[in-house]
J.: 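A single structure is presented below for examination.
Worth saying up front: this structure is predicted, and the values here are computed from it rather than measured.
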Amino acid sequence: MMSKDDLTLVPLTRELIEPTIVMCGECVGKNLYTEKMLLKALEQPEQKFLLLVTPENKPVAYLYIRLIGIEEAEQIAKLSLSKLKELTGKDAPLIGNMQSIGVLPEYRNHDLSKYLIELGLQWLTEETEADIAFGVCWKPHGKVPVEKTVKSFGFSHLADSRRVWYDRTDLICPVCKGRCECDAAIYYKRLDRRG
């Protein structure tokens, strides 16, 4: 079995788009991420897509982060996020959306998601003006696979949201084996830059 030391951290590149789509399909569902979306992640400075690849350059884990406004965050979460405005004291807080994270099944339980989230938070605090980190976390069968990890970084649970991905009719959920009926748990963390 490979360890994190055998993997290399790289940014998404054009050459890796195809294998990344395949990996994302296995991790979070087929058709959730398209070539068009990943090209955007490559070209826009307010988006970051990190990969862990094997020596053969095969992607096995990823983290996708985007800087967004409160309105888009509410659309993604499918609920009001006025609490985030209260927490930041801003009507229009800049949100570091931890859009998606995934690790191929055979590479799980090696702290890869912890490593990627740490890098994501580092990027948000050191290279962006984001006020808050936020994640709409998948909750199949009432359990959040990434819950322990996000809590270890000081994320707090904000709310649960029902059938968040149901309107993505082309998404084939790895749990539902078709249209996704899974719920989500919303987590947030204030970004502190005081040293």
J.: Does L87 offer a backbone N or O that forms a donor-acceptor pair with the side chain of R190 under 3.5 Å?
T.: yes
J.: Suppose we screen for side-chain hydrogen bond (donor to acceptor under 3.5 Å, both in side chains). Which residues come up paired with E71, at least two apart in sequence or across chains?
T.: none
J.: Quick check: do R66 and K48 have side-chain heavy atoms less than 4.5 Å from each other?
T.: no
J.: Does a side-chain heavy-atom distance below 4.5 Å link H141 with V175?
T.: yes
J.: Which residue in the set Y188, Y187, F134 passes ring pair (Phe, Tyr, Trp, His ring centres under 6.0 Å) when paired with H157?
T.: Y187
J.: Hey, mind stepping through V60 and V53 against side-chain contact (heavy atoms from CB on, under 4.5 Å) and telling me if it holds?
T.: CA-CA 6 Å; V60 298; V53 299; over 6 Å; no
J.: Is it true that atom NZ of K30 has more than 12 heavy atoms of other residues, nucleotides or ligands lying nearer than 6.0 Å?
T.: no
J.: Shortest non-hydrogen contact from P11 to L16?
T.: O-CD1, 4.4 Å
J.: Membership question, hydrophobic clusters at under 4.5 Å side-chain separation (ILVMFWY): are I172 and L38 in the same one?
T.: no
J.: Is Y166 reachable from V28 through a run of hydrophobic residues whose side-chain heavy atoms are each under 4.5 Å from the next?
T.: no
J.: Work out which heavy atom in A185 is nearest to a heavy atom in V144; give both atom names and the distance.
T.: CB-CG2, 3.7 Å
J.: Compare every heavy atom of I65 with every heavy atom of G96, then report the nearest pair and how far apart it is.
T.: C-CG2, 4.5 Å
J.: Which atoms form the tightest heavy-atom contact between C180 and W138, and what is the distance?
T.: SG-NE1, 4.5 Å
J.: Hydrophobic clusters here meaning ILVMFWY residues chained together by side-chain heavy-atom distances under 4.5 Å, can you tell me if L51 and V22 are in one?
T.: no
J.: Please step through side-chain contact (heavy atoms from CB on, under 4.5 Å) for the pair T20 and I17, ending with a clear verdict.
T.: CA-CA 5 Å; T20 297; I17 283 182; 5.6 Å; no
J.: Please determine if R162 and D160 form a salt bridge, counting it only when a charged side-chain N lies under 4.0 Å from a carboxylate O.
T.: no
J.: On a heavy-atom basis, which atom in L63 and which in G120 lie closest, and how many Å separate them?
T.: CD2-CA, 3.7 Å
J.: Just to verify, which of L81, N97, L94, I95 counts as forming a side-chain contact (heavy atoms from CB on, under 4.5 Å) with I132?
T.: I95
J.: For P174, is there any backbone N or O sitting under 3.5 Å from a side-chain donor or acceptor partner on K177?
T.: yes
J.: Count the heavy atoms of every other residue, nucleotide or ligand shown that sit under 6.0 Å from CG of N109, and state whether that count exceeds 12.
T.: no
J.: Salt bridge check, R163 against D183: does any charged N sit closer than 4.0 Å to a carboxylate O?
T.: no
J.: With no hydrogens and no angle check, is any side-chain donor or acceptor of E46 less than 3.5 Å from a backbone partner on L67?
T.: no
J.: Which atom pair, heavy atoms only, marks the closest approach of P105 to E26?
T.: CD-OE2, 3.7 Å
J.: Between the side chains of E72 and Q75, does any donor sit under 3.5 Å from an acceptor?
T.: no
J.: Any heavy-atom pair between the side chains of S100 and C24 that's under 4.5 Å?
T.: no
J.: May I ask you to test the V136-S161 pair for a side-chain heavy-atom distance under 4.5 Å?
T.: no
J.: Kindly indicate, with the supporting measurements, whether the criterion side-chain contact (heavy atoms from CB on, under 4.5 Å) is fulfilled by Y64 and I101.
T.: CA-CA 6 Å; Y64 180 25; I101 188 164; over 6 Å; no
J.: Measuring from atom CG of L12 to atom CG of L42, what distance do you get when rounded to the nearest 0.5 angstrom?
T.: 4.5 Å
J.: Counting N and O atoms only, with roles assigned by atom type, does the side chain of T125 sit under 3.5 Å from a partner on the main chain of L191, one being a donor and the other an acceptor?
T.: no
J.: Parallel, tilted or perpendicular: which fits the ring planes of Y33 and Y62, with parallel below 30° and perpendicular above 60°?
T.: perpendicular
J.: Using a 3.5 Å distance criterion without hydrogens, assess whether the side chain of T34 forms a donor-acceptor pair with backbone atoms of M37.
T.: yes
J.: When D131 is tested against each of K90, K85, R193 for salt bridge (charged side-chain N to carboxylate O under 4.0 Å, His left out), which residue passes?
T.: K90
J.: Looking at K114, I want to see if its NZ is surrounded by more than 12 non-hydrogen atoms of other residues, nucleotides or ligands under 6.0 Å.
T.: no
J.: Run the numbers on L52 and V103 for side-chain contact (heavy atoms from CB on, under 4.5 Å), then give the verdict.
T.: CA-CA 9 Å; L52 285 171; V103 179; over 6 Å; no
J.: Tell me if a side-chain donor or acceptor on R168 pairs with a main-chain N or O of N31 at a distance below 3.5 Å.
T.: yes
J.: How about CG on D167, more than 12 heavy atoms from neighbouring residues, nucleotides or ligands closer than 6.0 Å, or not?
T.: yes
